[in-house]
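Every heavy atom of this structure was used, including side-chain atoms; hydrogens, water molecules and symmetry mates were not.
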Amino acid sequence: MLLGGLPGEAAAGAWVQPKGQGQAIVKYESLSADRGFDGSGDTQDLAARRRDDRLGLFAEYGATDRLTLQLKVDWQDGRDAFVDYSGRGPVEIGVTWQAYRDDRNAVSLYGGYTWAGEGRNADYAPPGVGEHDWEARLSVGRAVGRGGFVEVQAARRLRDGLADETRLDATAGARFGGGWMVLGQAFGGAADGGSRWLSLEGSLVRDLGPWSVQAGWRQSVAGRDTPIAHGPVIAVWRRF
């Protein structure tokens, strides 16, 4: 999943953090679903309402001018027709390498390891299913206008206890009005021989010195064997 930003301030994945600088983002999501996509991509009612709440931390730090260390972790609470659950979600650690960068363009490569938790380690799977994951990700970004950017990320995730996945995410951001930014994001992927998903998220970000506050909405728009989830997303960013 991408937590978005802008080169030079809250960096998107294609732009690594400068040496000795970083950011931390605390993000809360409250997603619910009454319907889902079946194996053919058609919609159908779920047996019961599904709810998934997550409070997550994403942190990154520039170890050098070309290497950024990353950490992702969250706490989850939710229920569906079969189970109520609460516990730690997956913990991911990784490194991003700046393969190329000029005044407007950036390319990076990411490698990460994930240790599964008691929560959902994949949105289409029951809580607690999964063990260990390895991910390789390519990010390509371009700065546009005054403080805007577009970025595409492609990833392959090898999973122990779940099907391997191919992911494709895209983000566009634009600044306006002095201290405001609008973000549009798409999160897509497919598990080998199984679930597929595509979610869209729109949000506004307000800068307050070294802090930023983000509020938005996420909506599932297509998929197979996955819930049609929707709900608010709220985050606080701190650059250091």
Side-chain angles (χ1 to χ4, degrees), residues 1-3 13-14 16 25-27 29 31 33 36-39 41 46 50-61 63 67-97 99 108-139 152-170 185-199 201 218 220 222-229:
M1 167 183 313
L2 178 75
L3 287 174
V16 300
I25 302 174
V26 176
K27 191 171 189 178
E29 306 173 2
L31 305 181
F37 297 108
D38 63 18
L46 300 180
R50 170 172 159 165
R51 175 183 58 82
D52 295 289
D53 295 336
R54 296 185 179 96
L55 180 64
L57 169 67
F58 170 84
E60 59 180 358
Y61 178 78
L67 288 177
T68 289
L69 308 178
Q70 295 185 357
L71 167 70
K72 298 178 187 177
V73 63
D74 65 25
W75 183 267
Q76 303 179 9
D77 183 83
R79 66 171 55 186
D80 58 26
F82 308 102
V83 64
D84 290 1
Y85 71 95
S86 183
R88 178 183 61 79
V91 176
E92 182 174 345
I93 56 174
V95 178
T96 300
W97 173 61
S108 72
L109 295 173
Y110 169 81
Y113 164 77
T114 300
W115 173 35
E118 299 84 19
R120 293 192 192 276
N121 299 296
D123 286 343
Y124 54 83
V129 175
E131 295 292 337
H132 307 279
D133 302 341
W134 296 91
E135 180 174 295
R137 180 175 291 261
L138 170 67
S139 300
V152 176
Q153 300 186 1
R156 181 65 176 169
R157 176 163 287 215
L158 305 180
R159 315 199 72 166
D160 180 14
L162 289 166
D164 296 342
E165 297 175 1
T166 299
R167 300 182 178 189
L168 184 64
D169 303 329
Q185 298 176 271
F187 308 97
D192 292 357
S195 178
R196 300 180 183 179
W197 60 92
L198 175 62
S199 296
E201 182 178 314
R218 183 178 299 171
S220 298
R224 294 183 181 178
D225 293 325
T226 191
I228 304 175

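- Rounding to the nearest 0.5 Å gives a distance of 11.5 Å between CG of Leu162 and CG of Asp192.
- The distance from the CD1 atom of Ile25 to the CG atom of Leu57 is 9.0 Å, given to the nearest 0.5 Å.
- Between the side chain of Asp133 and the backbone N or O of Arg159 there is no donor-acceptor pair closer than 3.5 Å.
- Applying the ring-ring contact (aromatic ring centres under 6.0 Å, His included) test to Phe82 and every residue at least two apart in sequence or in another chain returns nothing.
- Side-chain contact check for Leu109 versus Leu138: some heavy-atom pair is nearer than 4.5 Å.
- Note: Ile228 CD1 to Leu46 CG = 7.5 Å, rounded to the nearest 0.5 Å.
- The pair Asp74-Arg120 does not count as a salt bridge, with every side-chain nitrogen at least 4.0 angstrom from each carboxylate oxygen.
- Scanning all heavy atoms of the two residues, the minimum distance from Ser108 to Gly13 falls at OG-O, 2.8 Å.
- Trp75 is linked by a ring-ring contact (aromatic ring centres under 6.0 Å, His included) to nothing, counting only residues two or more places apart in sequence or in another chain.
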Exercise for review: Go through the steps to decide whether Glu135 and Thr114 satisfy the test side chain to side chain donor-acceptor pair (under 3.5 Å), and finish with yes or no.
Suggested key: CA-CA 8 Å; Glu135 180 174 295; Thr114 300; over 6 Å; no
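- Here the CD atom belonging to Glu165 is positioned 7.0 Å from the CZ atom belonging to Arg157, to the nearest 0.5 angstrom.
- Between Tyr113 and His132, the angle of the ring planes stays under 30°, which puts this pair in the parallel group of the 30/60° scheme.
- With salt bridges taken as basic N to acidic carboxylate O contacts below 4.0 Å, none links Arg167 and Asp169.
- Taking CZ from Arg54 and NZ from Lys27, the interatomic distance works out to 10.5 Å, rounded to the nearest 0.5 Å.
- Not counting sequence neighbours, the partners of Arg196 by the side-chain contact (heavy atoms from CB on, under 4.5 Å) test are Ala190, Arg224.
- Taking OH of Tyr110 as the start and OG1 of Thr68 as the end, the distance is 11.5 Å to the nearest 0.5 Å.
- At a threshold of 4.0 Å, the pair Arg51-Asp53 counts as salt-bridged, since one of the basic side-chain nitrogens sits closer than that to a carboxylate oxygen.
- Between Gly130 and Ala116, the shortest heavy-atom contact is O-CB, 3.5 Å.
- A side-chain hydrogen bond (donor to acceptor under 3.5 Å, both in side chains) with Tyr85 is found for one member of Asp52, Asp80, Asp77 and no other, namely Asp52.
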